[in-house]
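What follows is a set of notes on a single structure, which appears directly below.
If you're wondering where the values come from, they're calculated on a predicted model, not measured in any experiment.
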Amino acid sequence: LLSKTNARWLRQKQRKRWWKRNEFPRVPLDTFEDQKAAGKAQEVEWDQVSKMALLGLLFFCASFNLTLLQNMRDALIVTSGGAEQLPFLAAYCVLPASIGFFVYYNGLLRRVAQERVFYLAVAPLLASYALFAGVLYPNAEALHLHGLADGLRALLPAGLHGFVGVVTNWTFSLFFCLAELWGTVVISLLFWGIANNVCSVAEAKSVYPLLGIAANVALVIGGNYVKIINGLAAGSTLASFRYLIGSVLATSLVMFAAKRSIDVSGAQQTQEGAGGAQKKKQKPKASWGNAWQVLMGSPKIRNLALVVVGYALSHRIFEVAWKNQLKVLFPSAIAYQSALADVSIYTGTVTIGLMMAGRYVFQLLGWGFAAFATPLVMLAAGTAFFGLTLYVNSGAVGASQAVALATFGCLAGSVTQVFARSSKFSLFDPAKEMVYIEMDADEKAQGKAVVDLVGSQVGKSGASWITQAVLLGLGSIQAATPVLAGVFWLTIGMWLNAVRELNA
């Protein structure tokens, strides 16, 4: 009866259905509890999207500023006093400045509220950048100790002239140190501290890879921005620096706004389990004595440490020689900044591509291919760079050919720099971490502690001390290039052998 009535009603209304296809009625949820749970799920999803957006904005701005500051600091030092200053700055300026800043940071943690630490830690860096652009750099010639420089150069050997430049051009050295602190303080310490407080372990698996892409997009945009500003500056280094530092200050205000939004939303809180706060397992600390025993007792840990040392040592040795040669082709600070900006653009682009393709490289070609890729590309491109540089420096070619060969050499060096930096997070680090998977719990804990100790001490500091020793004996980077090339090749060979044994 009902079916006939319904059919008769539809014929009267000249309709085939009760409602149109795009107007189906919404069926309510079964219970009030179901509706409440659905509402909470939507709130959680929105909170995650908001959290990711704020963190992405914060990381983008910090990485954008880092790109600008790195280009400025390298262009300023290398074009004013030469690449010979770089190892002395790393050993005697950046390290003490880092220690001093961390003392200040620890004082902030004890004396002020957690929400204010970020602002009070970043503000001194911004103030120093503004002071440099507004006061120190315009009056650098009057402030630099040129009389002292002449006396020190007469007393000290040629290999220490880089150290003389660090002392006499003290305003440039100060800016280099403060610009170097941005990456360590703002990104490594402050940003990742916020991200670790905001994100749970489950959220980090999806959010952190996207943050890496945001950072590399900032690298590409920052490199292009530097080139645009250099064009607007019309050859004036002072105008370029003021525009760029002004941009750093403006972008930092956006960082502060993002951080404030995180604080207001209440997203930044210590993540605790349902049963209460869980104590974080302390990472075992390694001493040099214990590290030596672990290295001798475990071939896998020993080779892993050699891989980490090989990357850091070869990259930093190459970088000093490449930046020195780059100055020959780009002697002015503006031109040097633009060259470094191009490298930043290509580095960000290649990194994004490798991050997207990295998982397929491991799946289709295997661990060995991924682990061998970085040292082999660095070896091929680095050999082209050092070979052409040595050939040009030998004086065996004419002036016109020398310029062309030097250009090709710097191009090969740029390829080395781009791939060394871009493969770090997409191929090198994942391949290194995969080695730990096959270890038992004790070996994994000891291995991480030992590799961190040896890698940080030997890899990061070794290149500085080696370069200083070579400069002391030969006097300049150009004269020391054959020795640096030999150290580069030996280090890459050690790195390749360690990968071969790990892949056996």
Side-chain angles (χ1 to χ4, degrees), residues 46-73 97-98 100-135 175 177-199 203-204 207-208 210-222 225-226 229 241-270:
W46 171 249
D47 288 341
Q48 291 177 348
V49 172
S50 176
K51 185 187 305 181
M52 185 175 65
L54 290 172
L55 286 175
L57 179 61
L58 188 58
F59 200 26
F60 176 89
C61 293
S63 301
F64 178 84
N65 286 350
L66 179 63
T67 303
L68 269 56
L69 292 168
Q70 284 179 334
N71 288 334
M72 284 188 287
R73 71 158 199 227
S98 301
F101 194 92
F102 281 111
V103 171
Y104 168 71
Y105 176 75
N106 287 329
L108 290 178
L109 292 178
R110 291 192 303 268
R111 293 180 176 86
V112 301
Q114 178 77 19
E115 293 78 10
R116 299 177 58 196
V117 170
F118 179 84
Y119 310 105
L120 294 177
V122 177
L125 294 177
L126 299 178
S128 65
Y129 302 151
L131 178 66
F132 178 80
V135 178
F175 178 76
C177 293
L178 295 170
E180 180 73 17
L181 286 178
W182 183 271
T184 304
V185 172
V186 179
I187 294 180
S188 299
L189 180 64
L190 297 176
F191 171 77
W192 286 114
I194 294 171
N196 291 335
N197 284 335
V198 167
C199 295
E203 291 172 338
V207 172
Y208 283 12
L210 297 177
L211 294 179
I213 294 177
N216 286 285
V217 171
L219 196 64
V220 175
I221 295 176
Y225 185 76
V226 170
I229 292 299
F241 274 37
R242 284 181 168 174
Y243 284 139
L244 292 175
I245 290 178
S247 301
V248 169
L249 299 178
T251 309
S252 298
L253 294 179
V254 180
M255 287 174 48
F256 288 165
K259 174 62 170 60
R260 178 62 179 168
S261 298
I262 292 174
D263 294 337
V264 171
S265 65
Q268 185 174 355
Q269 56 186 350
T270 303

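In this structure, Gly212 and Phe59 approach most closely via the heavy-atom pair N-CE2, 4.4 Å. Closest non-hydrogen pair, Ala121 versus Leu108, comes out as N-CD1, 3.9 Å. Contact between Thr67 and Gly222 at its shortest, heavy atoms only, is CG2-C, 4.0 Å. The heavy-atom pair separating Asn65 from Ser252 by the smallest distance is ND2-OG, 3.3 Å.
Here the CG-CD distance, from Leu109 to Gln114, works out to 6.5 Å after rounding to the nearest 0.5 Å. For the atom pair CD (Gln70) and OG (Ser63), the distance works out to 9.5 Å, reported to the nearest 0.5 Å. The distance from the OH atom of Tyr105 to the CG atom of Leu120 is 11.5 Å, given to the nearest 0.5 Å. Residue Ile194 holds its CD1 atom at 10.5 Å from CD of Glu115, rounded to the nearest 0.5 Å. For the atom pair CD1 (Ile245) and CZ (Phe175), the distance works out to 4.5 Å, reported to the nearest 0.5 Å. Note: Leu57 CG to Ser261 OG = 8.5 Å, rounded to the nearest 0.5 Å.
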Please report, to 0.1 Å, the donor-acceptor pairs under 3.5 Å made by any side chain of residues 123-134, with sequence neighbours excluded.
unit_1 : atom_1 : unit_2 : atom_2 : d
Ser128 : OG     : Pro124 : O      : 3.4
Ser128 : OG     : Leu125 : O      : 2.6
Tyr129 : OH     : Leu178 : O      : 2.7

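Taking the six-membered ring where tryptophan is involved, the planes of Phe60 and Phe64 are essentially parallel, since the angle between them stays under 30° and well short of 60°.
Residues satisfying the salt bridge (charged side-chain N to carboxylate O under 4.0 Å, His left out) test with Arg73, not counting sequence neighbours, are Glu180.
Counting heavy atoms of neighbouring residues, nucleotides and ligands inside a 6.0 Å radius, atom OH of Tyr243 does not exceed 12 of them.
Between Leu211 and Trp192 the shortest side-chain heavy-atom distance falls below 4.5 Å. In this structure, Val122 and Val185 have side chains that are not in contact, with every pair of non-hydrogen atoms separated by 4.5 Å or more. Between Met72 and Leu69, the closest side-chain pair of non-hydrogen atoms falls below 4.5 Å. Two residues are said to be in side-chain contact when any heavy atoms from C-beta on lie closer than 4.5 Å; Phe102 and Leu189 meet this criterion.
In this structure, Trp182 contributes its side chain and Ala62 its backbone to a donor-acceptor pair below 3.5 Å.
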TODO: Determine, stepwise, if the pair Leu219 / Leu66 fulfils side-chain contact (heavy atoms from CB on, under 4.5 Å).
DONE: CA-CA 8 Å; Leu219 196 64; Leu66 179 63; over 6 Å; no
